[in-house]
Amino acid sequence: MTPDTVPILPRGVRKHFDTVRNVRVLLGPERVLMLDQVGDAVLTEVDGESSVTVISARLAARYNAPKSEIEADVTAYLLDLSHKGLLELRDD
């Protein structure tokens, strides 16, 4: 993954609000991943067009945090979701 990588939710994967648990989740084929505030914030920025750099810059501005730290966390989180089959990574 590079800073220019664009994360995409693959077909069949979507964010959803679970009213029973009162939490946002990521639904995939035969999978449910409960999202904490960080995961929800990152996935809110995943639009299929924005790169890791753009997503990290938006989050750094929103939370008044150093972009380098945010980008490291975003990269690790997105890689984990990719390994679980819940996210695709496109390098253009």
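Just so it is clear, the structure is predicted and the values come from calculations on it, not from any experiment.
- Considering only residues two or more places apart in sequence or on other chains, Arg62 meets the side-chain hydrogen bond (donor to acceptor under 3.5 Å, both in side chains) condition with Glu45.
- Residues Leu87 and Leu9 meet the side-chain proximity criterion, which asks for heavy atoms closer than 4.5 Å.
- Of all heavy-atom pairs spanning Leu86 and Gly28, the tightest one is CD2-CA, 4.0 Å.
- Rounding to the nearest 0.5 Å places CG of Asp4 at 5.5 Å from OG1 of Thr53.
- For Arg14, the salt bridge (charged side-chain N to carboxylate O under 4.0 Å, His left out) criterion is met by no residue, not counting sequence neighbours.
- Sparse packing is recorded around CE of Met34, with 12 or fewer heavy atoms of other residues, nucleotides or ligands lying under 6.0 Å away.
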**OP:** Given side chain to side chain contact (heavy atoms under 4.5 Å, CB included), test Ile55 with Asp47 step by step and report yes or no.
**Re:** CA-CA 9 Å; Ile55 291 169; Asp47 59 11; 5.9 Å; no
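- With sequence neighbours left out, Thr44 forms a side-chain hydrogen bond (donor to acceptor under 3.5 Å, both in side chains) with Lys15.
- Looking at heavy atoms from C-beta onward, Phe17 lies in side-chain contact with Asn22 at the 4.5 angstrom threshold.
- The backbone N or O of Gly48 sits less than 3.5 Å from a side-chain atom of Arg90, completing a donor-acceptor pair.
- Annotation: side-chain hydrogen bond (donor to acceptor under 3.5 Å, both in side chains) contacts involving residues 71-81, sequence neighbours excluded, comprise Lys67-Glu71, Asp80-Lys84.
- Put simply, the side chain of Leu43 reaches to within 4.5 Å of the side chain of Leu81, judged on heavy atoms.
- For Arg11, the side-chain hydrogen bond (donor to acceptor under 3.5 Å, both in side chains) test picks out no residue, with sequence neighbours left out.
- Using a 4.5 Å cut-off on side-chain heavy atoms (C-beta onward), Ser50 and Arg58 make contact.
- Contact between Ser56 and Ile70 at its shortest, heavy atoms only, is O-CG2, 3.6 Å.
- Counting all heavy atoms, side chain and backbone alike, Pro7 lies closest to Val46 at O-CG1, 3.5 Å.
- Closest heavy-atom contact between Pro29 and Gly12: CD-O, 3.7 Å.
- Val42 is not connected to Val6 by any chain of hydrophobic side-chain contacts under 4.5 Å among Ile, Leu, Val, Met, Phe, Trp and Tyr, and they are in different clusters.
- Cluster annotation: Leu78 and Leu33 are assigned to the same hydrophobic cluster (Ile/Leu/Val/Met/Phe/Trp/Tyr, side-chain heavy-atom contacts under 4.5 Å, transitive).
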Subject >> Pair Val32-Leu26, side chain to side chain contact (heavy atoms under 4.5 Å, CB included): steps then yes or no >> reply: CA-CA 6 Å; Val32 176; Leu26 189 62; over 6 Å; no
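- Checked against side-chain hydrogen bond (donor to acceptor under 3.5 Å, both in side chains), Thr2 has the following partners two or more places apart in sequence or in another chain: Thr5.
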